[in-house]
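In each ligand, atom 1 is the first atom listed, and ligand 1 is the first ligand listed. Counting begins at 1 with the first residue of the sequence.
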Amino acid sequence: MSKPLQAIRGMNDILPEQTPLWRYFEGTVARLLDNYGYRQIRMPIVEFTELFKRSIGEVTDIVEKEMYTFDDRNGDSLTLRPEGTAACVRAVLEHGITGGGQVQKLWYVGPMFRHERPQKGRYRQFHQIGLEVFNLEGPDIDAELIVMTWRLWGELGLRDAVKLELNSLGTSESRGRYREALVEFLSAHVDKLDEDSQRRMKTNPLRVLDTKNPETQAILVDAPKMADYLDDESRAHFEGLKARLDAVGIPYVINPKLVRGLDYYSKTVFEWVTDKLGAQGTVCAGGRYDGLVEQMGGKPTPGVGFAMGIERLVLMLEALDKVPEELSRQVDVYLCAFGEAAELAALSLSERIRDQLPNLRLQINAGAGSFKSQFKKADKSGALYALILGDDELAQQVVGFKPLRGQGEQQSIAWDALAAHLATCVVQG
Ligand code: ATP
Ligand code: MG
């Protein structure tokens, strides 16, 4: 017997019970982004492997061990995108839409792919909403990104459950000087570092700050601090950001060890973290990457962005019981019809009602059935009301209007008056 067909480990179906929450989340973010003047961009899911190597950096977890890379039939090496920034930069360069200092405020949503160990909040296909801003170099725009996410947490009821961590990585020059000092410090303690950190010390020393190893963490207490190496410009930028967050009243903590996994960040880096999801605590992460566009072959172009993980935020909404009540009901009205003639009348009546009430969620019974079976389906649909059309109603051009959730008696309503009646008793979201 052949094995039953299955999805790939770490790549999940999002079932109809879950999609209302996803759509609520994505819809809330999309509306917010529209209101702040961001425009959506859609990039392909597959790109040349070279793109990610050049932008993310060869010595990162993503490029070293997490990418889904394969040769296509032409022999080109392609990769399922592990994140969105690289493709977004490629797209703006390819279409010349950041040339001459043009400001672009862009966002995207979609699946990303990383070959990681699947666990709660960590998958191999996961979804991000990401945002990138080009050609604005001041701290005002860094602040806007954070203020916007703060508003989002407010709308979703998550403000108390997240914490903002901030750091500045300086310019590539000051980061270079810091890196030297850090390597010197790490070299003096190399025997006591964990194996991963010994390797990273040579390839990507800042990542050592990210270590989860307690012994290495203890040694790092005395390591040089990035803040002491910041150039004046980065320092002023960071102060400008903090002043704006203070003005809005957004709490934050400075985390000098926050370095982010990707190579291309400079100046501002930030993460929104939660303790409600166990080990997978970062729900939104981003920062400034002023050198990336040039590194990818464009003119020097400041950039800043973030990405949030949709699965983790959906998990949080569920864990904290912040799923809006109205999402559980998908049908307002269920229309039952009995007999061929009534079915025809029901169909044309329902189309007229849809013309008049475009937001009404009206489900018409399919597959005929007895009174009992149609009522059962009406009730199971979650509808607030059932409409009943049999031979008697047909003759009188009325429908039976029956509350299903205990709000009063059944009554008879003329077809012509039905839309107006529904408008008064169904609250439409
Ligand atoms: P982590 O440290 O958790 O691996 P990261 O630094 O690799 O995260 P980013 O590349 O910054 O993550 O991606 C931005 C956001 O996307 C993360 O903060 C997280 O919410 C989400 N994310 C990243 N990887 C995964 C994954 N494998 N499964 C689910 N969500 C993810
Ligand atoms: Mg990761």
Does Arg39 reach the side chain of Lys105, with side-chain heavy atoms less than 4.5 Å apart? no

Taking atom types as modelled, is there a side-chain donor on Asn135 or Thr98 under 3.5 Å from an acceptor on the other? no

Winner among [options] once heavy atoms are compared against [atom]:
{"atom": "atom 2 (O) of ligand 1", "options": "His127, Gln280, Arg122", "result": "Arg122"}
{"atom": "atom 5 (P) of ligand 1", "options": "Arg114, Arg124, Glu83", "result": "Arg114"}
{"atom": "atom 25 (C) of ligand 1", "options": "Tyr123, Phe306, Tyr265, Phe126", "result": "Phe126"}

I'd like to check the ring-ring contact (aromatic ring centres under 6.0 Å, His included) partners of Tyr289; sequence neighbours left out, ordered by chain and number. Tyr264

Under 3.5 Å between some N or O of ligand 1 and some N or O of Gln128? yes

With sequence neighbours excluded, what pairs up with Glu50 under the salt bridge (charged side-chain N to carboxylate O under 4.0 Å, His left out) test? none

Using a 4.0 Å heavy-atom threshold (strictly under), name the region of Val283 that reaches ligand 1: side chain, backbone, both or neither. backbone

Pull out every atom of ligand 1 sitting under 4.0 Å from any heavy atom of Thr282, numbered as shown with elements. 17 (C), 18 (O), 19 (C), 20 (O)

Does ligand 1 have an atom under 4.0 Å from some heavy atom of Arg312? yes

Val259 versus Leu206, closest heavy-atom pair with distance: CG2-O, 3.6 Å

Are Asp228 and Lys225 close enough for a salt bridge, meaning some N to O gap below 4.0 Å? no

